[in-house]
2 protein chains.
Amino acid sequence: MALIKPRSRRGGGRPTIADVARKAGVGAITVSRALREPERVSQDLRRQIQAAVDELGYVPDPNARALASARAEVFGVLVPSLTNNVFAEVVRGIYDSLSDSPFRIQLGNTHYSGLEEERLLQVFGSQRPAALIVAGIDQTPSSRKLLENAGCPVVQVMETGPDPIDMMVGFSHLDGGRTATEHLIEVGYRRIGFIGARMDPRSQRRLAGYRAAMEKAGLFDPRLVTTTPVPSSVSLGRDLFRDALAKMPTLDGVFCNNDDIALGVLFECHRAAIGVPNTIGIVGFNDLDMMQVAFPSITSVRTHRYEIGRRAVAMALAAIAGDRPRERIVDLGFELQRRESTAR
Amino acid sequence: MALIKPRSRRGGGRPTIADVARKAGVGAITVSRALREPERVSQDLRRQIQAAVDELGYVPDPNARALASARAEVFGVLVPSLTNNVFAEVVRGIYDSLSDSPFRIQLGNTHYSGLEEERLLQVFGSQRPAALIVAGIDQTPSSRKLLENAGCPVVQVMETGPDPIDMMVGFSHLDGGRTATEHLIEVGYRRIGFIGARMDPRSQRRLAGYRAAMEKAGLFDPRLVTTTPVPSSVSLGRDLFRDALAKMPTLDGVFCNNDDIALGVLFECHRAAIGVPNTIGIVGFNDLDMMQVAFPSITSVRTHRYEIGRRAVAMALAAIAGDRPRERIVDLGFELQRRESTAR
DNA sequence: CCGACGAATGGTAGCGCTACCAAGAAGGGC
DNA sequence: GCCCTTCTTGGTAGCGCTACCATTCGTCGG
């Protein structure tokens, strides 16, 4: 008769579900159920099991759980940048909405690269996540395929477009760019430049909106556009504005790609003693808190980043729970905040 | 004779290691080894296995791997805020350093709450992460215990202190605060205020540094200190500065808790036509890019957030590989950047 | 030529949990 | 009283992978 010696615990002796079951005098599966679907276990056992859990300090092993159920309690989140305040806000919305749920978050940084996005989707997919949230709508064809076959809800965020992979929450960057530019035109600016850094697809669409508005007013001139693929920063805003002015000294307004750029422009105006809003009008994009504090305060297009994160999670959770939202595309819009920098 | 019908694949038919093994004509364990320790498998088999992997599109299941090896390829990262640029930079350093490794990252947001930190450590610990990186040195006693018993390398980041749980990368916030304040004194300011928002432990220590410098110079006056637990923002900087001036109209300098606050102060000076640096000197903390672009440019204490993230990962990876760094505490220091806002 | 030893490969037995099915107990309608 | 459903509980058999041995084969010193 062989004496079966259990292998010494690889895991370092943490209590398992079997320990809890023994202590509570029930089957392991009942413990499992008590933890996941308490309403299916009688009051009595539930209490007994909870007592055993507390006493042993039992915490379920998410890896074992994921393996057994072929589903990890993980939301995969892919963003192009971690330091860009815009995505940080979206991610914060996601975290806050998920903090009371059992879901963990796995964050990936694509660095604005389609290839990197593909690689990360491969990695994320291998875990069988509960949902995937990805920034933007410009996935490569193979990324799209990976997302379609992920076997979980997918939410594209930050932008809306015509052809969602699954669900979408965002707004139209083209409309945002157009609205900002129309405002400048309406207030009386004529030689309005576009200044943009990074120029990711969303920035491209803001530029397209700018261009549409300018052309409609018969004001477009390609020399008014100053862009660079270099990552955005306040100092880059200053530099690009200098370039734009050198190229086009008659400039009387700028629509900036984002608020950092706008702030750089404002500071350069101060330094060069260029009057804002009289000589130059400035419009930013995103409406960070500092826009309203700046002197003069800066007109900007307010976007709802945090809310986008929250909605994305809400939609994903609904889809997981089985009642997929009726509207697959949610447009959260934007609002132009008119301030001193264009008040003339 | 019973016909053993394999259960229909729960996982939706993705190829497993057994499929690869069959196709390559080897044992499953050899495939496992070829993937994890290629040098222990002969050239021939390695090639065969790689071909099978490619053909089937096999991707290892990290959950199964974690369960079998009692170790997940995950770095747990705990920060108090996701939108604060300071932590975003640290996290970016961590991501960039880990992007070529097999390690995934699980990020947790403690919202500056010790309780939340404990809860997250509990959750993170249950996965048996490969390493844990936590911000700050002020863990609660039970968080400390959780970290000590985590069974993996632990790196405390952002700050150095006397009693590391395991390893530490950061700098002395007290010294930073003192250096900033000494600079203001040296340049000739006398009624120097401290303006601080959030007032987390690191801010407290910057304040302590400020106080030490002021007391040493015989300049300290409690009415010079204006703080709030409210989260930091540029607009809050403006508001606090107004409060400070109302309380103490003879103020001639301010050391700000961080750069956002400093920017708010600068804008308010512009708006109220208070001369900088002549009437008021301003010093910030962290030296964000915009400090050098501001007009006037703002003196600030440069800290090495990105590098802190990188070093933390490097130390953790070394510890995982078995050669624990000799120095458990790495002080990356800081540098005072003298600029126009204190140039008088 | 033999035993020792290391390198390469494989088999077995789980890791901790849950899906699936079975079974007993408790009503409920005829 | 009997059958049928519903509610609770439990047993069994994996999920896909790796730790731990065992085995085979070649090499090398004596």
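Below, chain A is the first sequence line, B the second, and so on; all start at residue 1.
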Please figure out whether B:Ala28 or A:Ala64 has its closest DNA chain D nucleotide nearer the 5' end. A:Ala64

Heavy-atom nearest nucleotide on DNA chain C taken for A:Arg65 and for B:Val26; more 5' hit belongs to B:Val26

Under a 4.0 Å threshold between the charged nitrogen and the carboxylate oxygen, would A:Arg144 count as salt-bridged to A:Asp163? yes

Minimum-distance nucleotide (side-chain atoms of A:Ser32 versus C:dT9, C:dT18, D:dT18): C:dT18

Atom pair distance, as rounded to whole Å: CZ in B:Arg14 and P in D:dG16: 8 Å

Whole-Å distance separating the CG atom of B:Asp19 from the C1' atom of D:dC15: 13 Å

Whole-Å distance between C:dG10 P and B:Leu45 CG? 6 Å

Using whole Å, what does the distance between atom P of nucleotide C:dA26 and atom CG of A:Asp44 come to? 13 Å

Between C1' on D:dG16 and CZ on B:Arg33, what's the gap in Å once rounded to a whole number? 17 Å

In terms of side-chain geometry, is the basic nitrogen of B:Asp19 or B:Arg14 positioned less than 4.0 Å from the acidic oxygen of its partner? no

Does the side chain of B:Ser42 get closer than 4.0 angstrom to OP1 or OP2 of C:dA8 through an N or O atom? no

Once you apply a heavy-atom cut-off of 4.0 Å, does B:Arg36 come out as touching a base, just sugar-phosphate, or nothing? sugar-phosphate

Checking side-chain polar atoms at under 3.5 Å, does B:Glu117 have a donor or acceptor matched by the opposite partner on B:Thr140? no

Measure the distance from CD1 on A:Ile49 to P on C:dC17 and round it to the nearest whole Å. 13 Å

Assess, by modelled atom type and distance only, whether the side chains of A:Thr110 and A:Glu116 contain a donor and an acceptor separated by less than 3.5 Å. no

Strictly by modelled atom types, are B:Gln48 and B:Asp44 linked by a side-chain donor-acceptor pair under 3.5 Å? no

Of the candidate nucleotides D:dT9, C:dC15, D:dA19, which contains the atom at the shortest distance from the side chain of B:Leu67? C:dC15

Contact under 4.0 Å: B:Thr30 side-chain N or O vs C:dG10 OP1/OP2: yes

To the nearest Å, how far apart are B:Ile29 CD1 and C:dA13 C1'? 12 Å

Taking atom C1' of D:dG14 as reference, at what distance in whole Å does atom CD1 of A:Ile17 sit? 15 Å

